[in-house]
Amino acid sequence: MSLPIDPEHRLPSDFVWGVATSAFQIEGAAHDDGKGESIWDVFCRQSGAIADGSDASVACDHVHRLDEDLDLIASLGVDAYRFSISWPRVQPQGWGPWSEEGLGFYDRLVDGLLARGIQPFATLYHWDLPQVLQTQGGWVARDTVHRFVDYARGVQRRLGDRLASIATHNEPWVIATLGHELGIFAPGQKSRAAAAQVSHHLLLSHGLALQALRADGATAPLGIVLNMSPQDPATPDPADQALAHLQDGRGLRWYMDPLLRGRYPEDVWADLGRDAPRMEPTDLAAIAQPLDWLGVNYYTRNVSSSAGPWDPAAHGLPVTDMGWEICPDSFHALLTRLHSDYALPPTYITENGGAFPDPVQADGLVHDHDRIDYLRTHIAAVVRAAQEGVPLAGYFVWSLMDNFEWASGYAKRFGIVHVDYATLARTPKASARAYRDALTRWRAGARA
Ligand code: GBH
């Protein structure tokens, strides 16, 4: 079975195909020399926080298996690898001294990628705040914004000349809402006002970091990664329509409008009432720095029902192992809608993929045809949107390999490479071969 990345579809010839991971989910080596704890190390110890009671102190043991993993990435034939940098690994307390062990690890990662002809796409913050900063208020505290800018400058000083791309944040909505309003992700707070303040501080830290990195002479293109789910009303009922519009405001417009239009959406601001964030007069201008690129993570759509939570499986719709509906048409609709509503910079699909049960078969392989199908239909949606004029520059599969899936622990597998957690052996799944073969064919066609 193969993925229809058909060369005759006109994608730009420099379109970037890649795979993605994040530091906390794969690295392990949580207590190696000089590394500070992150809020996720602490959150994992909270009873009931992680479905299978696991933590990420070993995870995929990527830090100790770097060379093997670099070869693995190269064997996929991708153009780029998207990874994140663990702030407490390089700056254990979140301010002040740097860890040479930590910086050295990312040095070797970046050099190893470049030696194999793979572009390093770095994300500065994929949720693992140094715990020391959490004890000082975390992202609710405005001071953390300035700590983040210092961290960003330190990373650029050390690695900036060799990075193909830098993202400030991964999915600020998840950090704010799941981490501070619903409390199901670290740091486990449950306050709508805290979440709103966190979202503002994340956006502000993004804008101030872009200003600082540019002032320092950044050469890598700078952007931010947002998670996006189209919101469809469950019924034509005006209550469902209004809810869908508000959810779209909270999830998408709350981030896109300040970044690209310099203001928060009025309906969401009004809905927050007394929970709206505190701002200083120059904050909105700082947030709206020109973006060199935008990253979009897409997994599923969401259906808004004023009658309560809406479960796609109960409606007979296809879902992944996360229970998320499989809907490539919503992906296409999202991309064309973004293009018509906003002046998009070059846009990367920085994450797309699905969790599936992935049993290892008698032949020792994983024939993950459901994942191949997911990737095939979603890549087709990307190709179609690009042909229609959406300025798409690249696509990254989530994920390179099975890993620590946050509050779900190790039970949910997103990788195109299987990880046996007893032995830590990596085995490419059928989807890894399908992706590699498709990229080979696409390149042959793109050159012709
Ligand atoms: C990404 O988050 C993360 O960047 C990555 O680290 C993670 O491993 C990966 O996805 C898979 O989870 O929550 O039922 O309302 C994605 C977060 C997933 C949040 C979809 C919104 C909507 C479905 N998004 N979710 S639901």
Side-chain angles (χ1 to χ4, degrees), residues 18-27 38 40 43 50-51 54 56 59-60 62 82-86 121 123-128 167-179 181-186 195 199 202 224-232 234 243-244 247-248 250-252 254-255 295-305 308-315 317 319-327 330-331 334 348-356 371 374-375 378 396-416 419:
V19 287
T21 62
S22 87
F24 190 77
Q25 294 178 273
I26 67 165
E27 283 183 355
S38 82
W40 270 93
F43 187 67
I50 311 299
S54 62
C60 304
H62 169 66
R82 175 173 178 253
F83 62 96
S84 79
I85 294 169
S86 161
F121 275 55
T123 298
L124 294 171
Y125 188 77
H126 199 126
W127 310 353
D128 44 359
T168 52
H169 291 294
N170 181 73
E171 301 188 342
W173 177 88
V174 168
I175 301 162
T177 306
L178 303 189
E181 182 171 347
L182 303 179
I184 58 175
F185 279 11
S199 67
L202 290 167
I224 186 169
V225 173
L226 304 179
N227 58 294
M228 297 190 189
S229 297
Q231 306 287 340
D232 295 328
L243 183 61
Q247 302 275 44
D248 179 70
R250 289 174 176 156
L252 192 149
W254 183 259
Y255 298 91
V296 173
N297 293 351
Y298 174 84
Y299 290 90
T300 187
R301 69 166 178 158
N302 186 54
V303 174
S304 303
S305 169
W310 193 91
D311 176 19
H315 290 261
L317 294 163
V319 295
T320 67
D321 205 22
M322 299 296 283
W324 300 346
E325 186 186 346
I326 300 173
C327 37
S330 295
F331 194 12
L334 167 70
Y348 292 85
I349 308 307
T350 33
E351 289 179 26
N352 176 241
F356 295 98
R371 179 173 292 98
Y374 183 101
L375 296 176
H378 286 74
F396 292 75
V397 174
W398 184 271
S399 177
L400 163 66
M401 58 183 156
D402 297 334
N403 58 49
F404 179 77
E405 178 50 31
W406 306 110
S408 305
Y410 296 99
K412 306 295 181 198
R413 296 178 176 271
F414 276 90
I416 60 173
V419 176

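Computed over heavy atoms, backbone and side chain alike; hydrogens, waters and symmetry mates excluded. Remember, it's 1-based here, ligands and their atoms both numbered in the order they're listed. In this chain, numbering begins with 1 at the start of the sequence shown. Small disclaimer: the values here were computed from a predicted structure and weren't measured.
- Remark: ligand 1 and W406 share an N or O pair separated by less than 3.5 Å (distance only, no angle test).
- Here Y255 and W173 keep their ring centres 6.0 angstrom or further from each other.
- At a cut-off of 3.5 Å, with distance as the only test, no side-chain donor of Q247 or N302 sits close to an acceptor on the other residue.
- Considering both main-chain and side-chain atoms, S22 never comes within under 3.5 Å of ligand 1 through any nitrogen or oxygen pair.
- E405 is listed as a side-chain neighbour of M322, based on a closest heavy-atom distance under 4.5 Å.
- Under 4.0 Å from ligand 1, not a single heavy atom of L178 appears.
- For ligand 1, the polar-atom distance check against N302 finds no nitrogen or oxygen pair separated by under 3.5 Å.
- Using a 4.0 Å cut-off between charged nitrogen and carboxylate oxygen, R82 and E351 count as a salt-bridge pair.
- Nearest protein neighbour of atom 22 (C) of ligand 1, counting heavy atoms only, is T300 CG2, 4.0 Å.
- Distance from atom 1 (C) of ligand 1 to its nearest protein heavy atom, with residue and atom name: E351 OE1, 3.2 Å.
- The aromatic ring centroids of F24 and W406 lie less than 6.0 Å from each other.
- Backbone and side-chain nitrogen or oxygen atoms of Q25 are examined, and one is located within less than 3.5 angstrom of a nitrogen or oxygen of ligand 1.
- When hydrogens are left out, the protein atom nearest atom 23 (C) of ligand 1 is W324 NE1, 3.7 Å; that is the closest non-hydrogen contact.
- Relative to atom 12 (O) of ligand 1, the option among K412, H126, E405 with the closest non-hydrogen atom is E405.
- Between the side chains of N170 and N227, no donor-acceptor pair is found at a separation under 3.5 Å.
- Taking only nitrogen or oxygen atoms, main chain and side chain alike, N403 does not reach within less than 3.5 Å of ligand 1.
- Considering only non-hydrogen protein atoms, atom 17 (C) of ligand 1 sits nearest to E171 OE1, 3.6 Å.
- Between W398 and ligand 1, at least one pair of N/O atoms sits closer than 3.5 Å.
- Contacts of Y348 classified as ring pair (Phe, Tyr, Trp, His ring centres under 6.0 Å), with partners at least two apart in sequence or in another chain: F121, W293.
- Of the polar atoms of N170, at least one N or O is found under 3.5 Å from an N or O of ligand 1, judged by distance alone.
- In terms of modelled atom types and a separation under 3.5 Å, the side chain of T320 and the main chain of G354 share no donor-acceptor contact.
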